[in-house]
Amino acid sequence: MKVWKFAASAAILSWASMAQATETLTMWYHGAGNEVESKIINQIITDFNASQTDWKVELQSFPQAAYNDSVQAGALAGNLPDILDVDGPNMPNWAWAGYMQPLQIDEAKIANFLPGTKGIWDGKLYSIGLWDAAIALTTRKSTIEELGLRMPTTDAPWTKDEFMDALAKAKAAGKWEFALDLGTAWTGEWYPYAFSPFLQSFGGDIVDRSTYQTAEGALNGEAALAFGNWWQGLFKDGYAQATQDPADRDSGFAAGKYAFSWNGNWAALGALKAFDDVVFLPAPDMGAGSKIGAASWQFGVSATSKHPEGASAFIEFALQDKYLADFSNGIGLIPATPTAAEMVDNYKAGGPLAVFVEYSAKSGTVRPVTPGYVVQAKVFEKAAADIANGADVAATLDAAVDEINADIEKNKGYGH
Amino acid sequence: MAMIASDNHGLRLVTRYAVLVLIAVIFIFPLVFMLMSSLKPDQQLLQDSGSLRAFLPVGDISLQNYTKAFERAPVLTFVFNSLLVTGVTVVLSLVLCSMAGFAFVFVDWKGRGVLLSVLLATLIVPFETIAIPMLLLASKLPWVGMEGLSYGWLNTYRVQIVPFIADGLTVFLFVQYFKDLPGELIEAARVEGASWWQIYRKIVMPLSGPILATAAILKFLTMYNQYLWPLMVTQEEGYRPVMVGLQYFFQLNVAWGEVMAYLSLITVPVLAFYLYLQKAFIASIASTGVKG
């Protein structure tokens with residue numbers, strides 16, 4: 001009888017200790033070297049770990065420039081963490097490649113999130129962002145008045161003719177070295193993020209989104225050719241630099257070198273500091289609507305995670321307005337929800353950056369939602385740079401289409 | 001006549017030194033630029049970059065970039081990791097590769113010519129082509145440590161050291177150098193009854209100072225500048241080396257002053273090592289014709 005009692009007690013104690021066991025979840029994040037981001041993400045983790053006893057999140061931070069390579073190496077070595085973050089346009093590729101699994105979070109909780117923050121692939125939510133980014137045409141009110149231009153609005157952005165008229169007048173004024181700072185000094189993802197919306201505004205695209213099986217017609221059709229010729233004209237006519245000094249990108253607008261700067265909300269505070277009459281104008285409408293890029297970094301769960309419910313629980317915990325507001329206050333990005341935006345001085349109604357929330361909601365266009373995007377982005381970047389440097393527009397776009405189509409074929413349609 | 005000869009000699013000397021000074025200036029200016037820029041705030045650094053002021057300690061000079069660099073990244077950890085990995089690899093590489101070179105040159109065995117050719121052929125294989133198979137292998141290799149048997153070498157020092165201990169170039173350097181050593185010495189030692197180990201340790205190695213220095217410097221530079229491999233195999237910050245650490249400074253808006261401060265800090269060990277071995281390195285290059 002004693003033996004049975006002892007065995008029963010041991011079993012109960014063992015069950016109790018198992019029930020209380022805390023599972024460790026590993027997390028990778030791209031913010032190493034960014035003190036502000038690191039502080040906020042660590043705070044969220046500390047709060048989450050203290051809020052319950054089932055899970056304990058442990059963080060490994062990576063420098064952003066090395067993050068994607070590290071994830072790919074980790075996937076190859078079968079060493080991915082439970083939770084990872086992913087740049088929005090890369091998510092379909094990682095999901096398709098088997099690095100990620102769908103999130104297990106209540107979608108009602110993200111109903112009011114900005115569209116660009118939701119990473120949806122194949123009809124399922126794979127990732128969710130705490131913020132979004134947006135681009136605007138930054139200039140000064142005094143410049144608009146001096147050049148006699150109409151102040152554009154979200155409902156009535158500049159048309160292509162008005163935009164070109166603005167650049168021509170700025171150039172003729174002789175006050176600035178260049179009319180427009182496009183940020184060509186920034187290479188990589190900046191090109192498709194910042195410049196492919198111009199192509200979309202002309203009515204073209206990087207790939208035909210109805211099937212995602214070809215770029216034919218989208219990247220070399222009439223609209224794309226019109227975009228290419230216009231794009232090349234910006235440099236040929238001396239409005240912008242095809243090759244730009246990074247220092248000019250960082251401080252050129254503030255130093256008065258450019259009349260207009262095509263830049264993101266992360267640079268907006270710097271512009272506001274430089275001039276007291278800065279305005280952020282909506283992207284010009286080239287014919288098919290005013291477009292800007294959408295989708296920034298988002299959180300997801302790795303396919304190899306043994307605790308997807310714990311990983312999803314952490315992500316759901318991080319979606320609280322207070323953290324969205326913390327990130328926005330810390331790194332200047334747009335909070336994912338209107339309620340969080342109201343908690344941030346810069347983005348609340350009447351705030352100096354409130355227009356970015358509007359642009360993000362109304363003009364934000366996600367980059368092609370396809371695993372092939374990672375290749376297509378590089379092809380687009382090269383084509384845009386070549387055209388800017390004087391390459392034949394039609395031939396360059398045809399070559400880009402061939403390269404994209406060959407890649408889609410090689411990857412058997414990328415699962416669409 | 002003697003006067004003209006003396007004038008010509010003087011002119012040649014002046015020209016020679018003028019050219020040498022010019023070359024020295026060209027080589028030293030990037031370092032001076034780096035050091036001076038590390039002392040300036042970003043705005044001034046960018047303004048000065050178009051003029052000679054970039055090479056002078058003028059304007060708003062301070063050590064603030066260094067302070068910020070230490071705040072942004074665990075610089076000392078990165079430097080320690082790099083020095084540890086590099087130091088251990090260099091030492092083991094010198095021992096193993098010199099032994100291999102010795103065996104190829106002095107020991108007569110079947111197939112050594114073919115094997116040396118195969119070894120030299122590995123010089124033309126870019127690391128990038130074998131990086132992924134190596135990663136797959138490293139992620140599954142067994143290890144017996146304090147905790148017993150485990151699998152996977154990721155996030156360790158050994159994964160950064162072991163694959164690079166032996167390499168074709170270092171073995172080739174030793175082979176070339178050993179070939180020029182007088183064969184009579186080895187013959188005499190053999191006749192006297194010395195073992196291969198004794199010949200290697202007591203005769204060949206004491207004569208190999210220059211090549212040891214050359215191989216050490218080349219290996220040191222290769223290992224200290226490693227980026228791709230440690231990026232792939234070290235997910236934990238505590239094992240990352242300096243070149244992966246450099247990426248911490250490339251945020252969207254790059255703080256160039258901090259980048260320069262970090263580069264200055266991580267360049268110090270390389271310069272110190274080179275200066276320490278400089279004489280032997282130059283002697284070796286002069287004698288073997290190897291260009292590093």
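We use all heavy atoms of the structure for the numbers below, so side chains are in, but hydrogens, waters and symmetry mates are not.
- In terms of heavy-atom proximity, A:Gly116 sits nearest to A:Ala294 at CA-CB, 4.1 Å.
- The ring of A:Trp297 has its center closer than 6.0 angstrom to the ring center of A:Tyr67.
- Neither the backbone nor the side chain of A:Ser38 comes within contact range of chain B, judged by heavy atoms closer than 4.5 Å.
- Remark: B:Leu52 CG is loosely packed, at most 12 non-hydrogen atoms of other residues, nucleotides or ligands lying under 6.0 Å away.
- Top candidate by heavy-atom pairs under 4.5 Å with chain B, chosen from A:Ala267, A:Gly31, A:Ala32, is A:Ala32.
- Each of A:Phe275, A:Phe260, A:Phe178 was evaluated against A:Phe253; a single residue qualifies, A:Phe275, per the ring pair (Phe, Tyr, Trp, His ring centres under 6.0 Å) test.
- Contact detail for B:Gln235 and B:Arg240: the closest heavy-atom pair is O-NH2, 2.9 Å.
- Residue contact with chain A, scored on non-hydrogen atoms closer than 4.5 Å, involves the backbone and the side chain of B:Glu71 alike.
- When all heavy atoms of B:Ala131 and B:Met232 are compared, the closest pair comes out as O-CE, 3.8 Å.
- Looking at A:Trp28, only its side chain comes within 4.5 Å of chain B, counting heavy atoms on both sides.
- Note: B:Gln247 leads B:Gln247, B:Glu237, B:Gln47, B:Glu258 in heavy-atom pairs under 4.5 Å with chain A.
- Counting only heavy atoms from C-beta outward, the side chains of B:Tyr224 and B:Leu83 approach each other to under 4.5 Å.
- Heavy-atom neighbours of B:Leu221 CG from other residues, nucleotides or ligands within 6.0 Å: above the threshold of 12.
- Taking non-hydrogen atoms and a 4.5 Å limit, the residue list of residues 54-66 of chain B in contact with chain A is empty.
- Annotation for A:Ala134 and A:Ile334: closest pair CB-CD1, 3.5 Å, computed over non-hydrogen atoms.
- A donor-acceptor pair shorter than 3.5 Å cannot be found between the side chains of A:Asp326 and A:Gln43.
- The two residues A:Ile44 and A:Leu130 make their nearest non-hydrogen contact at CD1-CD2, 4.3 Å.
- Chain B forms more heavy-atom pairs under 4.5 Å with one residue of A:Ser61, A:Gly78, A:Gly270, A:Gly74 than with any other, namely A:Ser61.
- Neither the backbone nor the side chain of B:Leu228 has a heavy atom closer than 4.5 Å to any heavy atom of chain A.
- Screening B:Phe249, B:Trp256, B:Phe70 against B:Tyr262 for a ring pair (Phe, Tyr, Trp, His ring centres under 6.0 Å) leaves a single residue, B:Phe249.
- Taking 4.5 Å as the heavy-atom cut-off, the residues of residues 133-164 of chain B that approach chain A are B:Leu135, B:Leu136, B:Ser139, B:Leu154, B:Asn155, ordered by number.
- The two residues A:Ser360 and A:Asp132 make their nearest non-hydrogen contact at OG-OD2, 3.5 Å.
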